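Below: one structure, written as C-alpha cells.
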Amino acid sequence: MVRESGISATKPIFPLYLLPSLKLPFARRHSVSSSSSSSASPASSPDTTPESSPPRGSSIPKPPITTNKRLARTAPDTIRCSTCSADLALASQIISKGFTGRYGRAFLVAPPAPPAPQTLLNIRVLRNENRQLVTGWHVVADITCSSCGTKIGWKYVDAKEQSQHYKIGKFILETERVVTFRNWEDIPESESDNESDDEAGDTVEKEDGGDDEVVFDSDDDDECEDIFAGVWDPETVAKRRSNMISRRGR
C-alpha cells in the first residue's frame, strides 16, 4: 500500500501583490492607412518640408542686427577709495606721483579749481597737528574716507620752510589706499567717430586760441623741478612749451 506524501507536486503560487505596481506610459503607434494618404489636401506636394519645420505662413524670426562697437572712454579717469570705491578726485588733479606716505608711494593731489570748494570729494578732515616729514616740519591734518572711514592720507595746512609752501592746501593720497579708475564702455562706431571729430575740433580751437589756462604736466621733469622749488610759473611754462614746439617744427 502506497503511503501518500504530504508534499504537493504543484509549484507554489508567487505572491504578485508584493511587486510594485509600475504604470509606464507606452505610446501606441497608429498605423497610417492608405486611405488617409489618398485623402491628402490638394495643397500638399511631395516636396513638403519635414514635420519639425514650422508650418507655412508662420514668420521665421530674423537674427538681430549687430552693430560694430568698440571700447571708448566715456568719462574722465577718477581716483577712488580702494575699500569702498567712493570717488575722491579726478585723475587730472594729480600734481605728482613721486611722493612718499605712510605705506609707500603717494600722490600729491590739488583741490579743484575755484569757485569749487577747495577740498576733495567724500573725505573727512581730522584735527591739525605738527608732523616732521622728510622735507621738514609741516602742519598737516589726516583725511579719511567719509564712506568707510579708511585713513587715505593727509592734507597740508602749513609748512615751516618757504620752499615747501607750494604744498599748502594740497592733499597726499596713499597708493595703497586709493586706486585710479578708468571708465570704458562699448559704444557704436558712429558715436565714437563723432566724439573723436568733436575732440579734434576742440583741439584746433584751443591751438588757435592761445589764451587757454596752462596746466601743470607731471611727466615733464623741468616742471616737476620748478614746482618742487616753488618757482613754477604758467607764463614761463607756456614760453618753454612754445619754444619746444618751434624746435620740433624745424
Side-chain angles (χ1 to χ4, degrees), residues 70-80 87-101 104-121 133-136 138 153-159 161-175 178-185 187 191-250:
R70 69 176 183 179
L71 286 175
R73 296 169 64 178
T74 57
D77 300 343
T78 58
I79 305 173
R80 294 185 173 184
D87 289 328
L88 304 174
L90 296 175
S92 59
Q93 295 176 227
I94 298 177
I95 297 177
S96 176
K97 301 179 181 179
F99 277 68
T100 304
R105 307 297 290 179
F107 299 147
L108 180 65
V109 180
Q118 297 300 291
T119 184
L120 303 183
L121 297 175
L133 303 176
V134 178
T135 53
H138 295 75
W154 63 79
K155 176 183 179 180
Y156 287 105
V157 180
D158 195 5
E161 300 182 9
Q162 186 68 25
S163 61
Q164 303 299 318
H165 280 189
Y166 73 94
K167 300 178 183 177
I168 297 175
K170 297 177 177 60
F171 301 85
I172 286 290
L173 296 180
E174 306 274 357
T175 56
V178 299
V179 293
T180 303
F181 177 78
R182 293 185 177 180
N183 190 4
W184 294 89
E185 291 184 5
I187 61 173
E191 294 183 7
S192 61
D193 294 340
N194 294 335
E195 290 180 359
S196 61
D197 294 341
D198 295 339
E199 292 178 357
D202 294 341
T203 53
V204 170
E205 290 179 0
K206 289 181 180 179
E207 290 178 357
D208 296 340
D211 295 334
D212 297 327
E213 181 182 359
V214 179
V215 182
F216 171 73
D217 184 8
S218 60
D219 295 332
D220 192 341
D221 295 336
D222 294 335
E223 293 188 29
C224 290
E225 292 179 0
D226 292 345
I227 199 167
F228 290 155
V231 296
W232 188 86
D233 183 31
E235 296 181 359
T236 306
V237 173
K239 293 179 181 179
R240 184 188 302 165
R241 291 178 183 177
S242 62
N243 293 335
M244 292 178 62
I245 294 173
S246 61
R247 290 175 185 175
R248 292 175 184 176
R250 293 178 181 176

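Here the structure is a predicted model, which is why all the values come from computation and not from measurement. Atoms considered below: every heavy atom in the structure, side chains included; atoms not considered: hydrogens, waters and symmetry mates.
Scanning for side chain to side chain donor-acceptor pair (under 3.5 Å) contacts around Ser242 gives an empty result, with sequence neighbours left out. By the side chain to side chain donor-acceptor pair (under 3.5 Å) test, Asp87 pairs with Arg80, sequence neighbours left out.
Once rounded to the nearest 0.5 Å, the distance linking OG1 of Thr175 with NZ of Lys97 reads 11.0 Å. Atom OG1 of Thr78 and atom CZ of Arg182 lie 11.0 Å apart (nearest 0.5 Å). Note that the OH atom of Tyr166 and the OH atom of Tyr156 stand 7.5 Å from one another [nearest 0.5 Å]. Taking CD from Gln93 and CZ from Phe171, the interatomic distance works out to 9.5 Å, rounded to the nearest 0.5 Å. Atom-to-atom distance recorded for Lys170:NZ and Leu120:CG is 12.0 Å, nearest 0.5 angstrom. How far CD1 of Ile94 is from CD1 of Ile79: 3.5 Å, rounded to the nearest 0.5 Å.
Of the possible polar contacts, none joining the Glu174 side chain to the Gly153 backbone as a donor-acceptor pair under 3.5 Å is found. Gln164 places no side-chain N or O within 3.5 Å of a backbone atom of Glu161 that could act as its donor or acceptor partner. No side-chain donor-acceptor contact under 3.5 Å links His138 to the backbone of Val157. With Ser96 contributing its side chain and Leu108 its backbone, the two residues share no donor-acceptor pair below 3.5 Å.
Pro117 approaches Pro112 most closely through the heavy-atom pair O-CG, 3.4 Å. Ala106 approaches Gly101 most closely through the heavy-atom pair CB-N, 3.9 Å. Residues Thr100 and Trp154 approach most closely at O-CH2, 4.0 Å, considering heavy atoms.
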